[in-house]
Asks: 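The structure under discussion is supplied below as structure tokens; questions concerning it will follow.
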Amino acid sequence: MLSRRDLFKVAGVGAATLLVAPGFVGQSFAAKKSLDDALKEKLGITQKDLQASELIKVKAPTIAESGANVPVEVSAKIPAQQVEALYIFIDKNPNPYVAQVDISPANGEVYFATRVKMGKTSPVRAVIKMKDGSYLSAFKEVKVTVGGCG
Amino acid sequence: MLIPVLSLTLSLAFGQALWLSDFDKAVDVAKREGKNLMIYFSSDHCPYCWQMENYVLVDPDVERYISDKFIVVSVDVDDMPESLEEKFNVFGTPYIVFYDPKRGKVISELFGSREADDFIAILKQICKKSNLRRC
Amino acid sequence: MASVGRAIVRVPRKVSKGQVFKVQMVITHPMETGLRKDKKTGKIIPAHYITHIDFYLNDQLVTKIHSSPGISKNPYFAIKLKAEQSGTLKVVYADNKGGKWEKSVNINVA
């Protein structure tokens with residue numbers, strides 16, 4: 001039998017479970033948007049139109065204790081003159097679209113940083129809309145932990 | 001006969017779970033509507049509660065399931081009535097007690113956050129464990 | 001939050017011509033999604049969030065951020081700008097409930 005104090009310790013670990021009920025779920029999430037839904041709505045494209053690019057760097061923590069305040073920094077080794085806009089999407093959020101930044105030559109560099117909300121573990125994705133009509137993308141997987149506070 | 005029908009309509013009309021903060025009142029409503037209680041203990045300082053409140057309890061599928069089977073009682077542990085403190089052993093947050101109002105018994109307890117799909121699976125198991133006919 | 005809309009804009013004290021420098025900004029704002037419930041009343045808290053932030057360098061629009069409820073409470077934003085000449089950076093921002101604010105800082109190009 002665990003003492004009250006032991007339970008506090010377990011709580012600190014972050015994933016303690018008094019009741020584990022693994023089960024199957026066959027629900028469809030109709031009211032939520034997929035990444036493709038969001039890409040269609042904002043850019044008129046789908047994931048297939050995204051070109052993975054190593055020129056884009058997405059900096060974010062590997063593990064976040066809370067999805068309330070996750071820092072994200074996007075930079076790209078692409079001349080600002082060639083870029084129309086930079087987008088941030090969280091693939092698995094109920095609404096993946098987070099922000100759009102219209103870039104101009106006055107920026108000097110393609111760069112944007114902010115803090116985002118995350119519903120659960122998901123890729124944090126940057127999409128860059130180029131003036132030539134192509135879409136470059138890169139992402140960083142951020143794990144949002146489940147758990148409790150003692 | 002009119003009252004249960006009316007309150008049932010109220011909580012279902014918006015497709016939203018009915019959230020109350022008064023335990024005794026919630027017991028009455030739950031008895032009338034033939035539902036169980038889901039007592040959600042939380043703290044404003046706990047990031048895992050933030051996660052539950054922003055993404056799990058308001059998930060459309062979770063919400064639909066809860067509104068059909070449970071009455072929610074929301075309790076801030078930093079401002080908890082003594083009667084509840086004595087009744088339940090809440091050692092952390094988020095802490096959820098599933099309670100059968102007719103028998104006055106705890107059906108199950110859950111500590112810690114969950115992702116929405118895992119949480120629905122848990123709710124379904126609890127519903128089966130309870131004496132509700134429609135699960 | 002009585003101070004909703006208050007912002008801090010930070011730039012380097014001095015930059016040299018041609019230098020790319022960082023502009024950082026924090027706005028006091030609840031950034032409500034419109035999905036969360038008030039824990040006491042169970043009522044939905046209406047959406048309340050910053051919709052856009054426009055950066056004007058010497059009256060010319062140089063960057064526009066389109067924001068959403070997916071951005072955290074008390075939002076932080078950082079962009080970069082290239083120093084061409086001294087002048088004023090004016091930041092104009094608004095929310096979905098009609099709130100509109102602006103904040104200016106000096107850019108000193110040495």
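Sequence lines set the chain letters: A, B, ... in the order given, protein chains first and strands last, and positions in each chain run from 1. Quick note: numbers below take in every heavy atom, side chains included, and nothing from hydrogens, waters or symmetry partners. The structure presented is a predicted model; accordingly, all values stated were derived computationally and were not measured.
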Asks: Which bit of A:Asn93 is near chain C, if near means a heavy-atom gap under 4.5 Å: side chain, backbone, both or neither?
Replies: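 Looking at A:Asn93, nothing touches chain C.
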Asks: Could you work out, with side chain to side chain contact (heavy atoms under 4.5 Å, CB included) as the rule, every residue matching A:Lys131, not counting sequence neighbours?
Replies: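 Side chain to side chain contact (heavy atoms under 4.5 Å, CB included) list for A:Lys131, sorted by chain: A:Glu84.
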Asks: With a sphere of 6.0 Å drawn around NZ of C:Lys82, does it hold more than 12 non-hydrogen atoms of other residues, nucleotides or ligands?
Replies: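 It does not: C:Lys82 NZ has 12 such atoms or fewer within range.
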Asks: At what distance, to the nearest 0.5 angstrom, does CD of A:Glu109 lie from CG of C:Leu81?
Replies: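 The CD atom of A:Glu109 sits 10.5 Å away from the CG atom of C:Leu81.
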Asks: A:Phe112 vs C:Ile65, test: side chain to side chain contact (heavy atoms under 4.5 Å, CB included). Steps then yes/no.
Replies: CA-CA 9 Å; A:Phe112 177 58; C:Ile65 300 173; 3.7 Å; yes
Asks: State, to 0.1 Å, how close C:Lys73 and A:Lys117 come at their nearest heavy-atom pair, and which atoms those are.
Replies: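 Closest heavy-atom pair between C:Lys73 and A:Lys117: N-CE, 4.2 Å.
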Asks: For atom NZ of A:Lys57, decide whether the heavy atoms of other residues, nucleotides or ligands shown that lie under 6.0 angstrom number more than 12.
Replies: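 Incorrect, the count does not exceed 12.
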Asks: Would you find more than 12 non-hydrogen atoms of other residues, nucleotides or ligands less than 6.0 Å from C:Ile8 atom CD1?
Replies: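 Check fails, neighbour count at 12 or below.
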Asks: So, taking the atom named NE2 in C:His66 and the one named NZ in A:Lys42, what distance separates them when rounded to the nearest 0.5 Å?
Replies: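 Going from NE2 on C:His66 over to NZ on A:Lys42, the span is 8.5 Å.
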Asks: Quick check on A:Asp132: does its CG atom have over 12 non-hydrogen neighbours (other residues, nucleotides or ligands) under 6.0 Å away?
Replies: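 Count over threshold, so yes.
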Asks: May I ask you to check whether C:Thr63 and A:Asp102 show a side-chain donor-acceptor distance below 3.5 Å?
Replies: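 No pair is found: no donor N or O on one side chain lies under 3.5 Å from an acceptor on the other.
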Asks: Is any side-chain heavy atom of C:Lys80 closer than 4.5 Å to one of A:Asn107?
Replies: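 Not touching, per the 4.5 Å side-chain cut-off.
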Asks: Of all the heavy-atom pairs spanning C:Val62 and A:Ser104, show the shortest one and how long it is.
Replies: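 Shortest heavy-atom contact: O-OG, 2.6 Å.
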Asks: Under 4.5 Å, counting heavy-atom pairs only, tell me which of C:Glu84, C:Gln24, C:Lys64, C:Gln19 racks up the most with chain A.
Replies: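 Greatest number of close heavy-atom pairs with chain A: C:Lys64.
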Asks: Could you tell me whether C:Lys97 atom NZ has more than 12 heavy atoms of other residues or ligands within 6.0 Å of it?
Replies: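 Counting other residues, nucleotides and ligands, NZ of C:Lys97 exceeds 12 neighbours.
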Asks: Go through C:Ile71, C:Val20, C:Leu57 and name the one with the most non-hydrogen pairs under 4.5 angstrom from chain A.
Replies: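 Ranked by contacts with chain A, first place is C:Ile71.
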Asks: Would you say the side chain of C:Lys22 lies within less than 4.5 Å of the side chain of A:Tyr111, judging by non-hydrogen atoms?
Replies: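 When only atoms from C-beta onward are counted, C:Lys22 and A:Tyr111 do touch, with a gap below 4.5 Å.
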Asks: Do you know which two heavy atoms are closest between C:Ser72 and A:Ala68, and how far apart they sit?
Replies: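 Heavy-atom minimum between the residues: OG-O, 2.8 Å.
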Asks: Identify which part of A:Val74 has an atom lying under 4.5 Å from any heavy atom of chain C, answering side chain, backbone, both or neither.
Replies: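 Contact with chain C involves no heavy atom of A:Val74 at all.
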Asks: Looking at A:Tyr97 and C:Ser68, what are the two nearest heavy atoms and their distance?
Replies: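 So the minimum-distance heavy-atom pair works out to O-OG, 3.7 Å.
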Asks: Shorter than 4.5 Å, heavy atoms on both sides: which option in A:Ala106, A:Pro96, A:Gly67 has the most such pairs with chain C?
Replies: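 The candidate making the most pairs under 4.5 Å is A:Ala106.
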Asks: Closest heavy-atom contact between A:Thr114 and C:Tyr76?
Replies: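 That closest heavy-atom pairing would be OG1-O, 2.7 Å.
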